[in-house]
Structures are given as structure tokens and as C-alpha cells.
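Here's the structure we're looking at; comments come further down.
Each chain gets a letter, A, B and so on, in the order the sequences are listed, and its residues count up from 1.
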Number of protein chains: 2
Amino acid sequence: MSQMQNVERQLREMILALEIGPGERLTERWIESRFGASRTPVRAALLRLETEGLVGRDGRGWTVSPINLAELEQIAVYREAVEVAALRLTCGQADKSVVDVIEAMLDSCDENTPREEWHRVGMDFHIELARLSGNEFLFRAVRDAMTRLSRARWLEVRDETALGRAWLEHRAILAATRLGQADEAARLLSAHIVGSRDRLVTSLANDRRGLRARGFAVVAA
Amino acid sequence: MSQMQNVERQLREMILALEIGPGERLTERWIESRFGASRTPVRAALLRLETEGLVGRDGRGWTVSPINLAELEQIAVYREAVEVAALRLTCGQADKSVVDVIEAMLDSCDENTPREEWHRVGMDFHIELARLSGNEFLFRAVRDAMTRLSRARWLEVRDETALGRAWLEHRAILAATRLGQADEAARLLSAHIVGSRDRLVTSLANDRRGLRARGFAVVAA
DNA sequence: GATACCAGTTTGGTATCCCAAAATGGTATC
DNA sequence: GATACCATTTTGGGATACCAAACTGGTATC
């Protein structure tokens, strides 16, 4: 594993796990010493994370991207477009056995499963569902959108009923997909995405004060 | 202007103008001497162009991405999803005067306008139309998709009737948008994208032999 | 003639050095 | 006490040195 991939992966994990707070400043020298790499791989990693939207430029320096409510709402619209398009492609495919893999993902969650795992499976559901479309661009769009969302979605983990509700909705989407009912599947998926967004934005707006107290930058819509 | 931006911009232009052929190998040292920059900015530029899909890794080295027919077809599907979503958002907006700017773009083309300019305006039409949606993600998706398409679209420039037909379709889309007729506008846009793809793929499939003879890598669908 | 092998070269990955600009912190001035 | 100013430090951008791996071209072997 190259140093660049190492730094990129570890830094991404730290950011997504909120170990580095949204809005926090980053210096190349700090990353360098933190991960024991030189500046060349550090800079490469930063450039890639910039295109993922996880870090941004603040004048000359680097900043961990703040959680941006307006952005979250826009991402929901974007997701709706690409995920529904992907799902319709999948519904049009003859072989529906491919959804078994995703069904198995959902099956792997029960009451004993830790919430973090529910969270991860919830994201992977959407990513893997998009992959089934066979369209690389739709797939990457969904994957990247979920990456951007994932820091905010951590906050949703505390709400157990939300996780359960999402799980049920995922099941319903899969069922319609398996039957090839494209319109119904699309309707369910749209509603799911819009509902998730509403819960997320509400939850975030309520927590904004607390998040700011922890030093996290949260930009209003 | 920083060296990194310089190298990135110039290298992108060379690739898009087919001055460096699709499939051609790139060495960091060559770029370094070609643009009079050191490897640091060269490396940064390559990393960015990689995320744009214009260059890719070939084992350890760098390669100008080949023109990939399967990819072009997938991009068309992707475009349809994001452009239609963006257009529907725009149709829902109260203020329709924003389309004037785009109308003016189309107006700027007449029989005396060089074909390259028609080509550029044709791409910008889609990009600027997406920008009107106000959704940053849909906008970037369209812009990036058009960038990926633009090398292939150069080949279409030779067909004057295709340019004129696209221009008429653009007009019709704008007209429906101005009236807020979302469904009609969406239908026209979808048909336009699908039609463009068909013409492009047909044209490319026919030219494949000639392109290969010029040393361009063209990957089949 | 084909092939296995080896020395020399090239190349990307990494580390390190230099620099100008920006941030910092202390100090003098009002 | 606030502020303007200056020396110092820090930082990102760029250049370069070094290395290991990959590639190249030629040669010896069969």
C-alpha cells in the first residue's frame, strides 16, 4: 500500500468519524507528522479528498469541510435524480437474482447488531443498489453523495426508530425492484430519500447548538 | 496563476483538443519539460485530471484516457438523469428571465460562426442550463459529464446538419422551459440527449478505423 | 531464430530543501 | 487600552535529490 493511499484512507476515516471536527484547520505539516509520511503523499491525499468534498481550501490553507445544511438538501435532490435513474435501469433488467446480495445485507442486521453497523449497512444499501444498474457514472455519483452525507448521518444513528424505519423502507424498495415494478420502486425510493433528508435536516437543526459547542462548524441552510 | 493551475489547464486543453491522442502514455518528466514546471505541480495536475477522467493510471504510469464507446453510452444515461432533474427544478422557479442569458448564447451563433464555436456553445448550453437549477451537485455533474464527452464531440463538428439540429432542439427546450412546461421540456431534453448519443456513437463507430489510424485508442462498447 | 538473462536507463513514489507570502506575537506609540 | 508597526515563525507552493521497481536493449545460450 502506497503512502499516498495510506494517508488518504486514514485521513478520510478520521474526518468521517468526526475525529477531526468539521471546520477545523489542517496543515500539511500536521498531517505529515501525524501519519509519518512526507508532504508529497500528504498533498496528493488532500487533493483527492478535496474532490470528494471532505476538505476544502480556506485561502491558502486547508479546512475540513463544515457540515452544510444547504448542501445536504441539495445532495438529497441530486441523490433522488441519480438513484431513481439507477433503480429504473435495474428494474428493467431480466435477472433479478442480483438483488439477493443486497437482501442479504439487510438480513445481516438484527436487534443485536450495533448501531454503527446499521448505519454502515444503510449507506451501503444505496451504494450497492446503484451498482446493480451497471452504470458506472450513476454508481459513482451515489457513492460520492453518500460519502458526503455520512458525517451528518452519524448523528442520525442515535435515533433507533429512524434506523428501523429506513430498514423497512429499504425492504419495500427491494421487493418492488424484484417484481420489476419500476414506478412503484421509484416512488418508494424518492419518498425514502426525501424522508431521510427531512429527518436529517430537522435533527441537525436541533443539534446545531450542541455541535457548535463541540467545535464543529455547521453552516445554516 | 499558480504553476499547478497552469499545468492543469494547459494539459487539459491539449487532451481535449486531441493534441495528445487518446490512449497515449504520459510521463511526468515529459509534462515537466513541456510546460517548464517541476514535478510537484505536474503531479497535482495529473491527480486532478484523473478525477475528471481525462487521464488514468496504466499500471505505474499515466495514460490519456481512451475514447470509450461504452462509457459514452453510460454518460448519456447519466446526463439524462441529472439534466432532466436540473431542468425540472428550473421550470419550477418563478423567475424565468434567467433563461435570457442562455437564449443570448444561442443567438450569438449564426452562419458565419466557426464550427468550433458552435461546438463550444452547444456544450455550454447544457452546462449553463444546469446551473440555473441552483443545485450545485446537478450542475457539477453536468459540467463534468460534458468535459468527458467533449473529445468525442469534436468529431461531430464535421457534421454541419447535426450542429444545426442540436441548435434547434436547444431552442425548443428553452421555449418550453420559459413557459414552465416541465414535462414537455423534460421530454424534449431527454430526446435531445438520446438523439445526440445515437448520432455520436454511430459516427464514432464509423470513424473508429480512421481514429485508430491516427493513433487514437478507441475502446469498443 | 527464439529465448533467457543481465546491465543500463527510465519512471513514478517519496523525502527534503528553499522561498515568498501569510500568520503570529510582541512592542512602541498615541 | 487600543492600535499601528515590525521581527519572527509558520505555511503552502515549488524544485530537486534519491530510490526501488519497471522497462529497454543487447547478448549469450540453446
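The distance from atom CZ of B:Phe35 to atom C1' of D:dA15 is 18 Å, rounded to the nearest whole Å. The distance from atom CD of B:Glu50 to atom P of C:dG12 is 13 Å, rounded to the nearest whole Å. Protein atom CZ of A:Arg39 is 8 Å distant from nucleotide atom P of D:dG13, rounded to whole Å. Between the CG atom of A:Asp58 and the P atom of C:dA22 there is a distance of 13 Å, given to the nearest Å. For B:Asn6 and D:dG13, the CG to P distance is 15 Å, given to the nearest whole Å. Rounded to an integer number of Å, the gap from CG of A:Leu47 to C1' of D:dG12 is 12 Å. When rounded to the nearest whole Å, the span between CH2 of B:Trp62 and P of D:dA22 equals 17 Å. One atom, CZ of A:Arg25, and another, P of C:dT24, lie 7 Å apart when rounded to the nearest Å.
Contact annotation: B:Thr40 side-chain N/O to D:dG14 OP1/OP2 distance is not under 4.0 Å. The phosphate of C:dA15 has OP1 or OP2 within less than 4.0 Å of a side-chain N or O from A:Gln3. Contact between the side-chain N/O atoms of B:Arg57 and the OP1/OP2 oxygens of C:dG13 is found at a separation under 4.0 Å.
With a cut-off of 3.5 Å on both Watson-Crick or G-U wobble distances, the partner of C:dC17 is given as D:dG14. Pairing for C:dA4 is with D:dT27, a Watson-Crick or G-U wobble pair whose two hydrogen-bonding atom distances lie under 3.5 Å.
Among residues at least two apart or in separate chains, side chain to side chain donor-acceptor pair (under 3.5 Å) pairs with a member in residues 194-207 of chain A are A:Arg158-A:Asp207.
Of all nucleotides listed (D:dG14, C:dT16, C:dG13), D:dG14 comes nearest to the side chain of B:Ser2.
Checking B:Asp95 against B:Ser97 by side-chain atom types alone, a donor-acceptor pair falls below 3.5 Å.
Ring pair B:His170/B:Phe125 is parallel by interplanar angle, where below 30° counts as parallel and above 60° as perpendicular.
Residue A:Ala37 is classed as a sugar-phosphate contact, given heavy-atom separations below 4.0 Å to backbone atoms only.
Both tests pass for A:Arg57 against the ring of A:Trp62: distance under 6.0 Å to the centre and angle within 45° of the axis.
Of the charged side-chain nitrogens involved, none lies within less than 4.0 Å of a carboxylate oxygen, so that B:Arg120 and B:Glu116 do not count as a salt-bridged pair.
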Donor-acceptor pairs under 3.5 angstrom involving side-chain atoms of residues 142-149 of chain A: please list them, not counting sequence neighbours.
residue	atom	partner	partner atom	Å
A:Thr147	OG1	A:Arg143	O	3.0
A:Arg148	NE	A:Glu52	O	3.3

Restricting to nitrogen or oxygen on both sides, can you table the protein-nucleotides 7-11 of chain C pairs closer than 3.5 Å?
residue	atom	partner	partner atom	Å
C:dT11	O2	B:Arg60	NH1	3.1
C:dT11	O2	B:Arg60	NH2	2.7

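Remark: the B:Arg43 side chain and the D:dG14 base include no donor-acceptor N/O pair separated by less than 3.5 Å.
Enclosure of atom CD in B:Glu160 is not indicated, since only 12 or fewer non-hydrogen atoms of other residues, nucleotides or ligands lie within 6.0 angstrom.
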